[in-house]
Amino acid sequence: MKKAIITVVGKDTVGIIAKVCTYLADNQVNILDISQTIIDGYFNMMMITDISGATKDVAEISQNLKELGQDMGLVIRCQLEDIFTSMHRI
């Protein structure tokens, strides 16, 4: 299994989860775990995904999600699990 971590941050609006999940489903990315919170109008979501069956490589998925986020006024990042873990190690 090849895992990627996707984070979504920004002002809460209708349809954030729907748009991100639709993109992932259309590209055969499986969501393994998802956590989201809204604090004082700000949306924060973290997803652990399996990209081993994806129709695009992680660089293209990452770029597409970044562009989707920009269109929605959000910051969306997608990183392979090992890179995410290395960056967030204490």
Side-chain angles (χ1 to χ4, degrees):
M1 185 179 317
K2 189 174 181 182
K3 292 182 184 177
I5 309 300
I6 298 170
T7 57
V8 182
V9 178
K11 189 84 170 144
D12 187 33
T13 59
V14 174
I16 295 172
I17 296 172
K19 289 178 183 175
V20 173
C21 290
T22 297
Y23 173 83
L24 296 175
D26 288 347
N27 290 283
Q28 300 301 306
V29 176
N30 187 36
I31 298 167
L32 302 173
D33 200 358
I34 183 171
S35 173
Q36 65 96 31
T37 59
I38 300 168
I39 300 172
D40 197 26
Y42 289 93
F43 181 87
N44 189 344
M45 178 169 66
M46 181 176 186
M47 306 169 104
I48 300 173
T49 63
D50 177 6
I51 60 169
S52 56
T55 56
K56 298 177 181 175
D57 65 27
V58 71
E60 189 173 4
I61 291 169
S62 182
Q63 183 61 36
N64 292 161
L65 287 170
K66 179 180 178 181
E67 291 167 2
L68 177 64
Q70 289 170 341
D71 292 345
M72 298 173 64
L74 305 166
V75 175
I76 303 179
R77 291 194 176 100
C78 177
Q79 299 174 308
L80 289 173
E81 179 184 37
D82 55 343
I83 294 170
F84 181 88
T85 302
S86 293
M87 289 179 61
H88 294 88
R89 193 176 329 170
I90 297 176

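Basis for what follows: all heavy atoms, side chains included, without hydrogens, waters or symmetry-related copies.
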Please list, one pair per line, the donor and acceptor atoms closer than 3.5 Å that link side chains of residues 67-77 to other protein atoms, with sequence neighbours excluded.
{"unit_1": "Glu67", "atom_1": "OE2", "unit_2": "Gln63", "atom_2": "NE2", "d": "2.9"}

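- Applying the side chain to side chain contact (heavy atoms under 4.5 Å, CB included) criterion to Ser62, with sequence neighbours excluded, gives Cys78.
- Residues Leu80 and Ile51 have side chains in contact (heavy-atom distance under 4.5 Å, counting atoms from C-beta outward).
- Here Ile48 contributes atom CD1 and Asn30 contributes atom CG; the two are 12.0 Å apart, rounded to the nearest 0.5 Å.
- Hydrophobic cluster membership is shared by Ile61 and Ile17, with clusters built from Ile, Leu, Val, Met, Phe, Trp and Tyr side chains linked at under 4.5 angstrom.
- Within a 6.0 Å sphere centred on NZ of Lys56, other residues, nucleotides and ligands contribute more than 12 heavy atoms.
- Judged purely by atom type and a 3.5 angstrom limit, Thr49 uses its side chain to pair as donor or acceptor with the backbone of Ala4.
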Let me have the donor-acceptor pairs involving side chains of residues 34-46, under 3.5 Å, with sequence neighbours excluded, atom names and distances please.
none

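- The closest side-chain heavy-atom distance from Met47 to Leu24 is below 4.5 Å.
- Considering all non-hydrogen atoms of both residues, Ile16 and Lys11 come closest at CD1-O, 3.9 Å.
- Nearest heavy-atom pair, Asp50 versus Lys2, reported as atom, atom and distance to 0.1 Å: OD1-O, 3.3 Å.
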